[in-house]
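This report concerns only the one structure given below.
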Amino acid sequence: MSDAQYMRRALELAARAEDEVPVGAVVVLDGRIVGEGWNRPVSTHDPSSHAEIEAMRAAGKATGNYRLTGATLYVTLEPCAMCVGAMFHARIARVVYGAPDPKTGASELFMSRFNHHAKVQGGVLAAECGAALKDFFAARR
């Protein structure tokens, strides 16, 4: 599958984030999806329940290891600092995101501050990912 196809799956998952910011994520290892997640901090009463964290938790259970060495994480919105920290500890090799997050996006941390560096690519299906977020916030106003 291509980056766009994995991002489309992440967009499908984002739609499951009922009444929450629509962000979805998938973890891919050796060409297969090993973890999926979507934003759930409100419904779970857990501030760490971001899509990326949920996908990495599922991937850790599926692989039997919290280290996801060699994995790619696809997420519809640029990750925040908390999620980048978790990706660092999981040793994610590559992060692909859709829409940039100019306020809380922290993907540059992977390229500068940590001793483990992941490849980061933004802008995959950015218009579609951004539209899902804009529609959500427009409906809340």
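Bear in mind that the values here come from a model prediction, so they are computed numbers and not experimental data. Throughout, numbering of the chain's residues begins at 1 and tracks the sequence.
Nearest approach of E52 to C80, heavy atoms of both residues: OE2-N, 4.4 Å. In terms of heavy atoms, M7 sits closest to V124 at CG-O, 3.6 Å. For H89 against Y66, the heavy-atom pair with the smallest separation is O-CE1, 3.8 Å. Of all the heavy atoms in L133 and A99, the pair that sits closest is CD1-CB, 4.3 Å. Here the closest non-hydrogen pair linking A126 and G98 is CB-O, 3.6 Å. Minimum heavy-atom separation, T76 to A14: OG1-CB, 4.4 Å.
Residues forming a side-chain hydrogen bond (donor to acceptor under 3.5 Å, both in side chains) with E54 (at least two apart in sequence, or on another chain): S49, R57. Scanning for side-chain hydrogen bond (donor to acceptor under 3.5 Å, both in side chains) contacts around D46 gives S48, with sequence neighbours left out.
Pairs of residues two or more places apart, or lying in two chains, never qualify as ring-ring contact (aromatic ring centres under 6.0 Å, His included) while including a residue from residues 15-40. Residue pairs meeting the salt bridge (charged side-chain N to carboxylate O under 4.0 Å, His left out) criterion with at least one partner in residues 93-102, sequence neighbours excluded, are D3-R94. Pairs of residues two or more places apart, or lying in two chains, that qualify as side-chain hydrogen bond (donor to acceptor under 3.5 Å, both in side chains) and include a residue from residues 6-15 are R8-E128, R9-E12, R9-E36.
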**OP:** Check the pair L11 / C129 against side-chain contact (heavy atoms from CB on, under 4.5 Å), numbers first and verdict last.
**Re:** CA-CA 7 Å; L11 276 165; C129 294; 4.0 Å; yes

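Grouping the Ile, Leu, Val, Met, Phe, Trp and Tyr side chains by contacts below 4.5 angstrom, directly or via other members, places L125 with I33. Residues M87 and M82 share a single hydrophobic cluster, defined by chaining ILVMFWY side chains whose heavy atoms lie under 4.5 Å apart. There is a path of hydrophobic side-chain contacts, each under 4.5 Å, that joins L13 to Y74.
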Which donor-acceptor pairs under 3.5 Å do the side chains of residues 15-31 make with protein atoms, sequence neighbours left out?
{"unit_1": "E20", "atom_1": "OE1", "unit_2": "V42", "atom_2": "N", "d": "2.9"}
{"unit_1": "E20", "atom_1": "OE2", "unit_2": "S43", "atom_2": "N", "d": "2.8"}
{"unit_1": "E20", "atom_1": "OE2", "unit_2": "S43", "atom_2": "OG", "d": "2.9"}

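Between V96 and L73, every side-chain heavy-atom pair lies at or beyond the 4.5 Å cut-off. P79 places a side-chain heavy atom less than 4.5 Å from the side chain of V95.
Rounding to the nearest 0.5 Å places CE of M1 at 13.5 Å from CZ of R32.
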